[in-house]
Amino acid sequence: MKIVMILGSPHKKGSSNMLAEQFRKGAEEKGHTVEILDAAHMNMHPCFGCGHCGMDGECIHKDDNTVIRDAVLSADMAVFVTPIYYFGMSAQLKMVIDRFYSYNGKLSAKGLKTALITAAWDSNADVMPYTAEHYRKLCRYMNFEDCGMILGTGCGTPSMTANSEHMKEAYELGKSI
Ligand SMILES: Cc1cc2nc3c(=O)[nH]c(=O)nc-3n(C[C@H](O)[C@H](O)[C@H](O)COP(=O)(O)O)c2cc1C
C-alpha cells in the first residue's frame, strides 16, 4: 500500500513529526511504501474560494498543491500530521485540506484510508476533542476510511514527546495498517 504522510508543523524535528516518524517506521516494517510531504515547508497558498476550479479542475495558484494532489490521488492512505494550535490543526495543514477543493470530487470518490497524528502541550481532556471531531467530520464528508488517531497530549517538546506513551502508540498504529 502507498501511504502519504502530510506534515503540518514548522518544526522539522518537532513533536508531531517525531510521532509521524514512529508511524512511518511501523508502516514500513509492515511492507508499506511511505512518502513524506512536508507541507509546512512547501510552497502553498490558502484557497481563495474563487470557484475557478469548480471543485474539480485547475487552481489559480501555481504552487506545490499539484505535487500534493498527485501524491494523494495516487495513494491508498493519507496521514494528517499536525501540532495543536488553539485547539485545532495548524494553518499549514488546514491549507492543504482547503486546497482539496480543487480535486474534491476525485478525492471523495477514492475511499481513501486516513489517520490523524497530533501533538499538544497540555495533557488535560479538553485539548483534543475539537480536532478529533473535525477530523471525524472530514472523514464522513470526504468518504475517508479512518484507520486511527494518535492524540498526542503532553507532547509539548521533543523531550516530553520522547518520553510519552504516544511514541509507541504511533509505531503500533503504523504496524497495524
Ligand atoms: C500558535 C500555537 C498555538 C498552540 N496552541 C496550543 C493549544 O491550544 N493546546 C496545547 O496543548 N498546546 C498548544 N500549543 C503547543 C503545541 O501544540 C506544542 O508545543 C506541540 O508540541 C508543537 O508540536 P510540533 O513540535 O510538532 O510543532 C500551541 C503552540 C503554538 C505555537
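Every number for a ligand or one of its atoms is a count from 1 in the order of the listing. What you see is a predicted model; the values in this text were computed from it and never measured. Numbers here are sequence positions counted from 1.
- Checked for salt-bridge contact, K113 and D76 miss the test: no charged N lies under 4.0 Å from a carboxylate O.
- For ligand 1 and F87, the ligand atoms under 4.0 Å from any heavy atom of the residue are 8 (O).
- We find that R24 and E21 are joined by a salt bridge, their nearest charged nitrogen and carboxylate oxygen being less than 4.0 Å apart.
- Contact of the C59 side chain with the R99 side chain is registered, since non-hydrogen atoms from C-beta on lie closer than 4.5 Å.
- Between K2 and E28 there is no salt bridge, since no side-chain nitrogen of the basic residue lies less than 4.0 Å from a carboxylate oxygen of the acidic one.
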> Can you check salt bridge (Lys or Arg N to Asp or Glu O under 4.0 Å) on K12 and D38, steps first, answer last?
Replying inline: CA-CA 8 Å; K12 283 180 185 278; D38 187 358; 3.4 Å; yes
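- Checked against a 3.5 angstrom limit, the closest N/O atoms of V127 and ligand 1 fall outside it.
- The nearest protein atom to atom 2 (C) of ligand 1, hydrogens excluded, is given as Y85 CD2, 3.4 Å; this is a heavy-atom distance.
- M18 places a side-chain heavy atom less than 4.5 Å from the side chain of P158.
- Regarding atom 26 (O) of ligand 1, its nearest protein heavy-atom neighbour is S16 OG, 2.6 Å.
- Here is the list of ligand 1 atoms found below 4.0 Å of a heavy atom in A119: 17 (O), 20 (C).
- For a threshold of 3.5 Å applied to N or O pairs, the pair formed by T157 and ligand 1 contains no separation below that value.
- A salt bridge is defined here as a Lys NZ or Arg NE, NH1 or NH2 lying under 4.0 Å from an Asp or Glu carboxylate O, and E165 with K168 fails to meet this definition.
- Of the listed residues (S9, A120, G156), the one carrying the non-hydrogen atom nearest atom 19 (O) of ligand 1 is G156.
- Contacts between C155 and ligand 1, counted as non-hydrogen atom pairs separated by less than 4.0 Å, involve the backbone only.
- Atoms of ligand 1 found under 4.0 Å from any heavy atom of Y86 (numbered from 1 in listed order, with element): 1 (C), 3 (C), 4 (C), 5 (N), 6 (C), 7 (C), 8 (O).
- Counting non-hydrogen atoms of other residues, nucleotides and ligands closer than 6.0 Å to NZ of K62 gives a total above 12.
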> Can you list the steps and then say if T114 with M142 is a side chain to side chain contact (heavy atoms under 4.5 Å, CB included)?
Replying inline: CA-CA 11 Å; T114 58; M142 295 300 293; over 6 Å; no
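- Closest protein heavy atom to atom 11 (O) of ligand 1: D122 N, 2.8 Å.
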Got a list of side-chain donor-acceptor pairs under 3.5 Å for residues 115-124, not counting sequence neighbours?
from: T118; atom 1: OG1; to: I150; atom 2: O; distance (Å): 3.2
from: T118; atom 1: OG1; to: G152; atom 2: N; distance (Å): 3.3
from: N124; atom 1: OD1; to: D126; atom 2: N; distance (Å): 3.0

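- Looking from atom 25 (O) of ligand 1 to the surrounding protein, the closest heavy atom is S15 N, 2.8 Å.
- Summary of contacts: the protein heavy atom closest to atom 12 (N) of ligand 1 is W121 N, 3.3 Å.
- Annotation for ligand 1: atoms under 4.0 Å from non-hydrogen atoms of P83 are 22 (C), 23 (O), 24 (P), 27 (O).
- Remark: ligand 1 and I84 share an N or O pair separated by less than 3.5 Å (distance only, no angle test).
- Shown in contact with G14 at under 4.0 Å from a heavy atom are these atoms of ligand 1, numbered in order with element: 25 (O), 26 (O).
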